[in-house]
Amino acid sequence: MATATPPALYITNSPKIPFPQPLLLKICHSILDSRLERSYSPPLRRRDVAAMCGILAVLGCVDHSQAKRSRIIELSRRLRHRGPDWSGLHCHGDCYLAHQRLAIVDPASGDQPLYNEDKTVVVTVNGEIYNHKELRETLKGHQFRTGSDCEVITHLYEEHGEEFVDMLDGMFSFVLLDTKDNSFMAARDAIGITPLYMGWGPDGSIWFASEMKALSDDCERFITFPPGHLYSSKQGGLRRWYNPQWFSEKIPSTPYDPIVLRRAFEKAVLKRLMTDVPFGVLLSGGLDSSLVAAVASRYLATSEAARQWGSQLHTFCVGLEGSPDLKAAREVADYLGTHHHEFHFTVQEGIDALEEVIYHIETYDVTSIRASTPMFLMSRKIKSLGVKMVLSGEGSDEIFGGYLYFHKAPSKEEFHQETCQKIKALHLYDCLRANKSTSAWGVEARVPFLDKDFIKTAMDIDPEWKMIRPDLGRIEKWVLRKAFDDEEKPYLPKHILYRQKEQFSDGVGYSWIDGLKDHANKQVSDSMMMNAGFIYPENTPTTKEGYYYRTIFEKFFPKNSARSTVPGGPSVACSTAKAVEWDAEWSKNPDPSGRAALGIHAAAYEESKDVKTGSLVSDSPQKLVEGVAGKVVGVV
């Protein structure tokens with residue numbers, strides 16, 4: 001069954017946000033300069049950054065015909081939104097490596113696939129290698145053909161074989177072909193920031209693709225390629241290359257040092273300013289995105305990017321008119337002095353975009369779809385301004401236990417184990433959302449909280465310090481807030497630094513979720529829900545909203561393998577199924593939103609509910625004078 005054609009997106013009454021005149025001039029000058037540079041400069045003086053591209057590899061095809069080549073090109077085109085600037089295809093015998101490129105620097109060079117000196121090693125990459133300069137210094141005996149940060153992969157393979165992957169610092173998915181013995185390998189970054197799928201064709205071929213839509217029709221079976229793993233044709237299977245101490249979930253004992261944590265995060269942000277294109281920060285006004293913006297703004301003037309694009313940071317926020325995020329983001333932007341862009345959308349515009357959102361993000365997970373839709377709409381606006389890269393705050397809540405349900409963690413052991421489980425699942429949730437929502441419009445999202453070194457530093461901290469302790473004045477993510485609580489040179493005002501978390505899908509406007517539920521209730525009847533277990537026996541939807549999203553997903557991805565790539569199970573406020581046991585009432589509430597953690601948020605929803613069933617009677621927000629967070633933060 002062929003994949004359905006992606007639906008058209010309808011947006012009405014969307015005001016055009018003009019990009020600042022000075023930056024437009026810089027863009028024009030950059031284009032002229034790059035043309036002059038191509039005329040007079042040797043290739044190695046350019047720095048071609050790989051960026052969020054789309055890759056497709058088919059290895060071991062029985063059919064070598066022109067028709068097969070045409071089919072692979074056709075499937076690769078399904079990824080063109082990820083890389084609209086250029087396409088590349090390398091064919092060697094029964095192996096094909098295709099690439100859709102998002103050009104960050106100089107569109108006339110650095111195209112992929114990439115090669116070693118004699119073109120016997122070929123690689124197609126989606127991602128960024130932040131330590132590529134340091135790695136080049138260890139490869140003095142090799143001749144580089146381009147300035148691409150990802151070309152080091154070919155030469156590292158020549159020097160170290162398949163064990164080089166742990167040397168890479170960045171976000172990446174790649175497939176490498178060694179034509180000398182026709183062997184190949186594939187690998188994905190530690191956390192799964194970049195997406196990758198693996199499939200098997202009926203002719204015995206093995207497929208790899210950035211998105212499921214490129215292989216779902218032609219593969220008998222396919223899976224999500226696990227993060228932190230590599231596949232080797234020589235060894236015949238998957239193996240984990242990323243083995244940090246926290247992965248075993250052993251309880252760490254390192255004392256908390258706020259300065260060490262702060263410096264680790266600053267370093268993570270700074271390395272992600274490696275860019276030669278207009279960029280900015282996705283700013284919701286919450287703690288995580290505000291810290292990213294604060295650090296980027298503070299150090300931007302000293303970065304290479306500032307010499308080309310100026311030292312004023314651009315920030316972007318999306319929401320319904322009057323939403324919490326718009327107000328909070330504007331306050332942070334004013335404090336930091338950023339050039340701030342606000343994007344508004346209506347509930348109807350979001351509903352109209354749902355089919356295209358689900359087609360792009362390739363999941364029917366309710367929370368992911370709720371949060372992806374505003375991000376998807378915002379990314380289109382950002383791209384229209386000429387911006388190709390943004391920094392985002394994903395990962396902090398998983399590392400530091402920032403979700404509201406962590407208030408109920410019964411011990412530091414369970415707290416730590418929950419954070420470990422959340423990080424391990426990020427590739428199925430927040431990483432998937434951030435990458436695919438932005439890549440749908442050719443925008444790259446970088447996530448400094450998921451820096452490999454920063455995660456190690458943060459996860460080595462004794463979890464006793466991360467526990468939410470109202471008696472000690474510690475709210476969620478207290479260790480992170482304290483690390484940036486600088487009296488002499490404040491990163492953020494106190495009330496912003498200690499502002500409580502808002503779920504992204506709630507923060508864009510409380511009526512957003514209510515609007516989605518109302519729409520789903522009109523599309524899905526009671527009788528449909530009664531028979532949901534027969535229609536969808538795997539991951540059976542428990543709400544009409546979940547049922548509605550599932551029907552859209554199945555239209556585009558009807559195979560069993562597709563639905564199996566989406567996780568299921570009970571959840572409350574984005575928890576794992578295990579954490580639902582922390583509070584008996586949670587097991588009675590089917591909504592995964594943060595609003596389900598009643599009585600915790602300072603602006604929690606009304607607690608008028610049926611004690612017997614635990615079902616919500618009213619979703620209208622109200623301020624709580626006597627809430628846990630109200631006591632801790634002083635917000636009433």
Establish, yes or no, whether the cationic atom of Arg298 lies under 6.0 Å from the six-membered ring centre of Tyr491 and within 45° of the ring axis. yes
Phe265 and Phe449 aromatic centres sub-6.0 Å: yes
Looking only at side chains, do Gln112 and His90 share a donor and an acceptor under 3.5 Å apart? no
I need the Leu283 CG to Glu331 CD distance, nearest 0.5 Å. 10.5 Å
So that I know where these two stand, are Phe376 and Trp441 an aromatic pair - ring centroids less than 6.0 Å apart? yes
Phe172 vs Ile193 side-chain heavy atoms within contact, under 4.5 Å: no
Between CD on residue Glu398 and CD1 on residue Ile455, distance to nearest 0.5 Å: 10.0 Å
Just wondering, are more than 12 heavy atoms of other shown residues or ligands nearer than 6.0 Å to NZ in Lys482? no
Regarding Asn126 and Ser173, is there a side-chain donor-to-acceptor distance under 3.5 Å anywhere? no
Under 3.5 Å, is there a donor on one side chain and an acceptor on the other for Tyr115 and Glu151? no
If we count only N and O atoms by modelled type, under 3.5 Å, do the side chains of Gln421 and His416 hold a donor and an acceptor together? no
If you measure only the distance, is there a donor-acceptor pair under 3.5 Å linking the side chains of Asp460 and Thr254? no
Taking Lys494 first and then Asp485, would you say they form a salt bridge - that is, a charged N and a carboxylate O separated by under 4.0 Å? yes
Could you check Ser284 against Ser289 for side-chain hydrogen bond (donor to acceptor under 3.5 Å, both in side chains), going step by step and ending with a plain yes or no? CA-CA 6 Å; Ser284 69; Ser289 64; 3.2 Å; yes
Could you check whether Tyr299 and Glu266, counting side-chain N and O atoms only, form a donor-acceptor pair closer than 3.5 Å? yes
Within the 6.0 Å centroid threshold, strictly below: His340 and Phe316: no
Verdict with reasoning, Ser87 to Arg80, per side-chain hydrogen bond (donor to acceptor under 3.5 Å, both in side chains): CA-CA 8 Å; Ser87 303; Arg80 185 159 291 175; 3.3 Å; yes
Can Asp397 and Lys477 be counted as an ion pair, charged N to O under 4.0 angstrom? yes
Value for CG (Leu176) from CG (Leu114), rounded to nearest 0.5 Å, stands at 10.5 Å
Find out whether the Lys NZ or Arg CZ of Lys388 is both under 6.0 angstrom from the six-membered ring centre of Phe279 and within 45° of the ring's axis. no
Does the side chain of Thr419 reach to within under 4.5 Å of the side chain of Met459, using non-hydrogen atoms? yes
If the threshold is 4.0 Å, N to carboxylate O, is there a salt bridge linking Glu211 and Arg78? no
Are the side chain of Tyr157 and the backbone of Glu162 linked by a donor-acceptor contact shorter than 3.5 Å? no
Validation row: Val175, Val123 side chains within 4.5 angstrom (heavy atoms): no
Do His155 and Glu158 pair up side chain to side chain, a donor and an acceptor below 3.5 Å, judged on atom types alone? yes
Between Arg136 and Glu134 (salt bridge meaning N to carboxylate O under 4.0 Å), is one present in this structure? no
Just by modelled atom types, is the Asp334 backbone N or O under 3.5 Å from a matching donor or acceptor in the Thr338 side chain? no
Taking the six-membered ring for Trp and the full ring for Phe, Tyr or His, determine whether the centres of Phe225 and Tyr197 are under 6.0 Å apart. no
Is any NZ, NE, NH1 or NH2 atom of the basic residue among Asp365 and Arg433 found under 4.0 Å from an Asp or Glu carboxylate oxygen of the other? no
Any chance the side chains of Gln100 and Ser76 put a donor and an acceptor closer than 3.5 Å? yes
Taking Gly127's backbone N and O only, do any of them form a donor-acceptor pair with Thr194's side chain (distance below 3.5 Å, no angle check)? no
Can a salt bridge be assigned to the pair Glu128 and Arg446 using a cut-off of 4.0 Å between side-chain N and carboxylate O? yes
Take a 6.0 Å sphere around CZ of Arg263 and say whether it holds more than 12 heavy atoms from other residues, nucleotides or ligands. no
Heavy-atom side-chain contact between Leu287 and Tyr498 under 4.5 Å: no
Got a second to check how far Lys456's NZ is from Asp451's CG, nearest 0.5 Å? 12.5 Å
Check whether Asn131 reaches the backbone of Met167 with its side chain - one donor and one acceptor, N or O, closer than 3.5 Å. yes
One should read off an interatomic distance between Leu56 CG and Leu97 CG, to the nearest 0.5 angstrom, of 8.5 Å
